[in-house]
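Please read the structure below before turning to the comments.
On a predicted model such as this, the values are computed, not experimentally measured, just so you know. Per chain, numbering begins at 1; letters A, B, ... match sequence-line order.
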2 protein chains.
Amino acid sequence: MKYQARIFVTLRPSVLDPAGTAVQSALKQMDYHVDSVRIGKYVEIVLDAADETEASQKLDEACDKLLANPVIENYRFELTAIAQERKA
Amino acid sequence: MKYQARIFVTLRPSVLDPAGTAVQSALKQMDYHVDSVRIGKYVEIVLDAADETEASQKLDEACDKLLANPVIENYRFELTAIAQERKA
């Protein structure tokens, strides 16, 4: 079974986000008044797994080891099964 | 009214993603077999707007002008109203 995963990696709330602050002040100069901007990563992965439990276990491992830095980042993901009979 | 926007900026499908390819081959070396990896940006913004239409118009402008490069990137966003009476 193929699954599409959408992974969101965000800085922990206690960690400063200088890129977000830069975007916020740029938006302010363009007359958009925004209260906060936080920038993270968005990763789309297509993977093979027997079922949703296995897919989500694999993704947890991949996120912990490679995609996110658990010291300063949080992650969450959404899984969707891709129908293999039809065009995905 | 305050809105929280979650913005996803992704490379257009026709644009090569060297970072995604690097992650894919790293995952392969770690024995995770994934078919594709695409890396994008994820931005969380809290903004003020009169209603959802105004918020989404402002965000479209901000994405076109600042957050995404429309030549090589697509974006989409989700809006959620933040209750101001309660803790958000």
Side-chain angles (χ1 to χ4, degrees), chain A residues 1-13 17 19-50 54-68 73-78 82 84 88, chain B residues 1-13 17 19-50 54-68 73-78 82 84 88:
Chain A
M1 191 78 180
K2 285 201 189 299
Y3 290 90
Q4 182 176 46
R6 286 175 302 286
I7 305 166
F8 311 91
V9 180
T10 48
L11 284 170
R12 287 179 185 272
D17 178 4
T21 311
V23 166
Q24 188 177 354
S25 68
L27 286 172
K28 202 172 172 183
Q29 282 176 20
M30 291 160 68
D31 273 336
Y32 300 104
H33 295 287
V34 296
D35 287 359
S36 88
V37 178
R38 300 284 288 178
I39 297 182
K41 279 179 289 181
Y42 171 63
V43 186
E44 283 180 348
I45 290 183
V46 176
L47 80 162
D48 261 315
E54 192 195 313
S56 102
Q57 192 194 336
K58 278 185 176 180
L59 281 171
D60 263 327
E61 284 177 23
C63 285
D64 277 330
K65 290 185 191 164
L66 187 73
L67 296 171
E73 290 170 331
N74 289 325
Y75 66 84
R76 63 189 170 83
F77 53 80
E78 294 165 2
I82 301 178
Q84 285 181 300
Chain B
M1 190 80 181
K2 285 202 190 298
Y3 290 90
Q4 182 176 44
R6 286 173 302 287
I7 304 167
F8 311 91
V9 180
T10 48
L11 284 170
R12 287 179 184 272
D17 178 3
T21 311
V23 167
Q24 187 176 353
S25 66
L27 286 172
K28 202 172 172 182
Q29 282 175 21
M30 291 158 68
D31 273 336
Y32 300 104
H33 295 288
V34 296
D35 289 357
S36 87
V37 178
R38 301 282 288 176
I39 296 182
K41 277 179 290 182
Y42 172 63
V43 186
E44 283 179 348
I45 290 183
V46 176
L47 79 163
D48 261 316
E54 192 195 313
S56 102
Q57 193 194 335
K58 277 184 176 179
L59 281 172
D60 264 326
E61 285 177 22
C63 286
D64 278 329
K65 290 184 191 163
L66 188 74
L67 295 172
E73 290 171 330
N74 289 324
Y75 66 84
R76 64 190 171 83
F77 53 79
E78 293 165 3
I82 301 178
Q84 285 180 299

inquiry  = Counting heavy-atom pairs under 4.5 Å with chain A, which one of B/Val34, B/Ile39, B/Asp35 comes out on top?
reply    =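 If we count pairs closer than 4.5 Å to chain A, B/Asp35 comes out on top.
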request  = Determine the option with the most heavy-atom pairs under 4.5 angstrom with chain A, choosing from B/Lys65, B/Lys58, B/Arg38, B/Gln24.
outcome  =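 Top option by heavy-atom pairs under 4.5 Å: B/Arg38.
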query = So which heavy atom on B/Val46 is nearest to which on B/Lys2, and how close?
reply =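 Shortest heavy-atom separation between B/Val46 and B/Lys2 comes out as CG1-CD, 4.3 Å.
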query = Got a sec, which residues hit side chain to side chain donor-acceptor pair (under 3.5 Å) with A/Glu44, two or more places apart in sequence or on another chain?
reply =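 Here the qualifying residues are A/Tyr42.
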request  = With sequence neighbours left out, write down each residue that passes side chain to side chain donor-acceptor pair (under 3.5 Å) with A/Glu78, or none if nothing qualifies.
outcome  =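 A/Glu78 satisfies side chain to side chain donor-acceptor pair (under 3.5 Å) with A/Arg6 only.
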ask   = Any side-chain heavy atom of A/Val37 within less than 4.5 Å of one from B/Val43?
value =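 Yes, at least one pair of side-chain atoms sits under 4.5 Å.
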Interface moiety of B/Glu61 toward chain A, non-hydrogen atoms closer than 4.5 Å =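 Backbone plus side chain of B/Glu61, per the 4.5 Å heavy-atom cut-off to chain A.
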query = Which bit of B/Ile7 is near chain A, if near means a heavy-atom gap under 4.5 Å: side chain, backbone, both or neither?
reply =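 Neither part, no heavy atoms under 4.5 Å.
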